[in-house]
Structure formats: C-alpha cells, structure tokens
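Structure first, commentary second.
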Amino acid sequence: MKNEIYKENQSFIEKILDHKALILIVAGFAIRFFMLFYFYFTHTENPLKSWGDVNINYRGSVYYPPLTMFLLDLFRVLSFGMVEIFAFWGFLMEIIVVILFYFVLKSFAIPNKEYVYGLFLINPFFFLNNVFSFENCGYHITDSFFFIFFFLALYFYPKEEEWCKYLFYFFLTLSAVAKIYTLPIMALFFIKFLMEKDWDEMKKFLICSIPLVLIFLVAPIFFIEDYVRLYFLWNNVGETTLPLFIRMIPALVITGLYMVFRLKEVDLIEIPFVAILITVSFLFFTNPYIRYFQPILILIILTPKEFFTFKLNFGFIQREIRVDNNLVTFYFSIVCVFLAYLIIIYVL
C-alpha cells in the first residue's frame, strides 16, 4: 500500500528515473544505429570523405597477427568489393561486442545489471573509441575481434563447470593472438601456477593456449612472407619518438612489481587486465592512443563496490544516489575523452 501511495505521489521526472536502466539501454543502441546511418548519409553526400580505419582495414594496408588478418580477409570477401558493406560488418561486430557484455554482466551476477549495462552503452569513452566520429567512419573492427574473444573468456570464467575453465583459457588466448593486448598472460599465468604448484590448472592453461600460440604466432614465421615484419612494426614506429629501452621501462616496472607483490595471491580474473596494462603501457609510448586502455575499465565495472550514498531532495525529485564503481567509471571516462582529444590535438 505504501509503495502504491508513493508511486502516485511521484513527479513525472521521478517516474522517468524509475525506468532509467531501460532508457539508457534503448539510448545506447539508438545512438549506435544513428551513427551507422550518419556514416552512410555523409559518405553518400561526399563520396571523397575518408572511411578512416574501416578503409585502412578494407584495403589491407596494415599488418596484424594472422588470426586477425584471416578474419579481415573473410569480411572483405563478404563485402563483395564494397567498403560500405565492410563498414556494416564493423557496425555488426560492435553490436555483437556490446550484446556479449550483457551476458558477461549476467555471468558475474552484477547487481542492477540493467542499469550498469545502460551506463556501459552510453559510456562516452567506449562510444568515442569504437563508434563515434564526425570526420570518418568510427569503427575499429580489429578491436571488436579482440573484445569478442575477450568477453567470451570473461563469460565462461565464473562458471563452475570444469569445461568452462578450458573455454576461459581458450578464448583468452584467442584474444591474445588476435590483437596481443592480453599476450603477457602466457608468462603471468605460467609463473603464478608455478609459484602455487597448481599443476592441474597449469595443464588446463597449457592445453588451451600453447597450440593456439604455435598456430597463430609461431608457425606463420615459416609460411607467411615478411611476417617477421609484424614483430618489428611497433618498434619501427616508436623509434621516431623514444628509444626501445625507454619505452619498455613502464611495462617492465609494472611486470616486476606485480610479480613480486601481488601475482601469487590474486584471482585469475585480474591477471588478463594486468596483462593488458603491461602491453598498452608499451604501446602507448610507441603510438599514444588512449583507447588502448579501455579494456582496463571493464575490470572496474566487474568489481562492484559502493563508496557512499546521499539523498537528493529538490522537491520534485527525491532520490537516494549511490556512488559506486560504475558511476565513478562513467565520470572518469568523460575525463579520458578530454585526455584523448588533448593527445590528438597536441601529440598526434
């Protein structure tokens, strides 16, 4: 009865806020569809306008690890010679990524997952880096490949069935061989299991990871012409700014401190995110893009923590505001957007 009386006395704004999760989710998908139509419209109006990374990946002018190159070749074939269709595949990969993340939230049993999901969908940092662009088409399809494998790994991690742990290692390794962000897991997992003498977990990890690394990162050296160039690409780019040994310092420091002070006692789920931090700390000083760090924000979203609450009372709005990790991540992402623009303007 009290709830019914309370609902009757609610203002229009309060009734809207009661459905904020659904509103955020609808808005998150709506802006993604809007951007797709925007890209098609602007490129129809101006055929000379750049398609950005979509065109670069469509033309095949960048070297990636073989798994990513294979996927790009597949989508080029499915584009039937039209970059516009390739752009649609970029859009579709982004939609698959954000849908997968919802299942990751369910798998981790995150409280208020619809609201958390809505905040993720409208997060300005994720949206800026994976969808939005006024200048060209904003899709980074190779990052979507990485996120699809990475989110599949996260989805299976909390499951209790033993076969799910195999799938966790399998998809996590696929994410590493697709775009190297998580590649340091090979060393970190091995050292952790060695320190703990956890031979059963070591066996699962090696069974799932070693064949994939051999097939997609080692074997191509002997079969793909000039494939070795891929391993020197980042160094060649970075040498124009800083020497290799200086660019490696942040990654080495993070690795050393983590191995000494934390690696033995942490949950496995933390290690892939630290692996990403290690990799991108090197990539950033080679090619300074803030978007390299976006996977790290996922860890914050998946570790629920409420910092404090306060009551908002403006007469027409009476709410209890809970400041938690998701809200902090959202506002911090706005700061990251400004940092990204500053780097683009003054560095790149």
Closest heavy-atom contact between Val98 and Phe120? CG1-CE2, 3.9 Å
Are the side chains of Phe126 and Leu121 in touch, meaning some heavy atoms are under 4.5 Å apart? no
Between Phe171 and Phe149, what is the ring plane arrangement, given parallel below 30°, perpendicular above 60°, and tilted in between? parallel
I'd like to check Phe127 versus Arg32 (side-chain heavy atoms, cut-off strictly below 4.5 Å). Are they in contact? yes
Any donor-acceptor N/O pair, Asn55 side chain to Ser50 backbone, under 3.5 Å: no
Would you say that Ile96 contacts Ser144 through its side chain, given a criterion of any heavy-atom pair below 4.5 Å between the two side chains? no
Rounded to the nearest 0.5 Å, what separation is found between the OG atom of Ser175 and the CZ atom of Phe146? 5.0 Å
State, without any angle test, whether Tyr115 and Asn326 hold a side-chain donor-acceptor pair at a distance under 3.5 Å. no
Whether the side chain of Ser79 engages the backbone of Gly81 through a donor-acceptor N/O pair (distance < 3.5 Å, no angle test) should be reported. no
Please confirm whether the ring centroid of Phe168 lies under 6.0 Å from the ring centroid of Phe156. no
Without swapping roles, check the side chain of Ser107 against the backbone of Phe103 for a donor-acceptor pair under 3.5 Å. no
Search all heavy atoms of Met69 against all heavy atoms of Tyr64 and return the closest pair with its distance. CG-O, 3.2 Å
Count the heavy atoms of every other residue, nucleotide or ligand shown that sit under 6.0 Å from CD of Glu135, and state whether that count exceeds 12. no
For Tyr181 and Asp143, what are the C-alpha separation, side-chain angles and deciding distance, and is it a side chain to side chain donor-acceptor pair (under 3.5 Å)? CA-CA 10 Å; Tyr181 292 147; Asp143 280 353; 3.3 Å; yes
Between Asn123 and Leu119, is there a donor-acceptor pair closer than 3.5 Å when you use the side chain of the first and the backbone of the second? no
Begin with the C-alpha distance, continue with both residues' side-chain angles, and end with the deciding distance and a verdict on ring-ring contact (aromatic ring centres under 6.0 Å, His included) for Phe75 and Tyr58. CA-CA 9 Å; Phe75 284 107; Tyr58 177 70; over 10 Å; no
Does Lys192 come within less than 4.0 Å of Asp198, counting only side-chain N to carboxylate O? no
Close aromatic pair by centroid cut-off 6.0 Å: Phe284 and Tyr292: no
State yes or no: are the ring centers of Phe125 and Phe332 separated by less than 6.0 Å? no
Are Phe193 and Phe189 near enough that their ring centres are under 6.0 Å apart? yes
Give the C-alpha distance, both sets of side-chain angles, the deciding distance and a yes or no for ring-ring contact (aromatic ring centres under 6.0 Å, His included) between Phe150 and Phe273. CA-CA 10 Å; Phe150 187 56; Phe273 293 96; 5.4 Å; yes
Can you list every side-chain hydrogen bond (donor to acceptor under 3.5 Å, both in side chains) pair that touches residues 252-266, not counting sequence neighbours? Tyr258-Glu270, Arg262-Glu270
Which heavy atom of Phe39 sits nearest a heavy atom of Asn136, and at what distance? CE2-O, 3.3 Å
Atom of Pro124, atom of Ile334 and distance for their closest heavy-atom approach: CG-CG1, 3.6 Å
Tell me yes or no: between the side chains of Asn129 and Tyr289, is some donor less than 3.5 Å from an acceptor? no
Counting neighbours of CE on Met248 that are heavy atoms of other residues, nucleotides or ligands and sit closer than 6.0 Å, is the number greater than 12? no
Are Thr68 and Thr142 linked by a side-chain donor-acceptor pair shorter than 3.5 Å? no
